[in-house]
Amino acid sequence: MSEPDKGPEWLTRAQFAAAVQVHPGTVSRWIRDDPDMRVKRLGPTGHRVRIHRSEIARRSCGHAPTEDTPAAV
């Protein structure tokens, strides 16, 4: 028998953000800044993206493509 279904293999930005407990804008930044992130672009302009479920484990292991830096004052 196979494993129980864990949900969709490809997640929307909002679904992925909820899974790793960050703002969807943070996910957009990760997509922009991390060329190794598994994403699939949809639509004629490619503005809709889906993030592969395996990226949840990468983010949970503490991997961050860019370090957070304090805002300049």
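This is a predicted model, so every value here is computed, not measured.
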Between [atom1] on residue [X] and [atom2] on residue [Y], distance to nearest 0.5 Å:
{"X": "R38", "Y": "I51", "atom1": "CZ", "atom2": "CD1", "result": "12.0 Å"}
{"X": "T26", "Y": "R13", "atom1": "OG1", "atom2": "CZ", "result": "12.0 Å"}
{"X": "D34", "Y": "R59", "atom1": "CG", "atom2": "CZ", "result": "5.0 Å"}

Exercise: identify the closest heavy-atom pair between H47 and T45:
ND1-OG1, 2.6 Å

For G43 versus R48, what's the shortest heavy-atom pair and its separation?
CA-NH2, 3.6 Å

Any heavy-atom pair between the side chains of H52 and M37 that's under 4.5 Å?
no

Tell me, please, whether W10 has R53 positioned over its six-membered ring: NZ or CZ under 6.0 Å from the ring centre and within 45 degrees of its axis?
no

When you check the side-chain N and O atoms of T12 and R50, is any donor under 3.5 Å from an acceptor?
no

Please answer: with hydrophobic residues joined when any side-chain heavy atoms are less than 4.5 Å apart, are L42 and W30 in the same cluster?
no

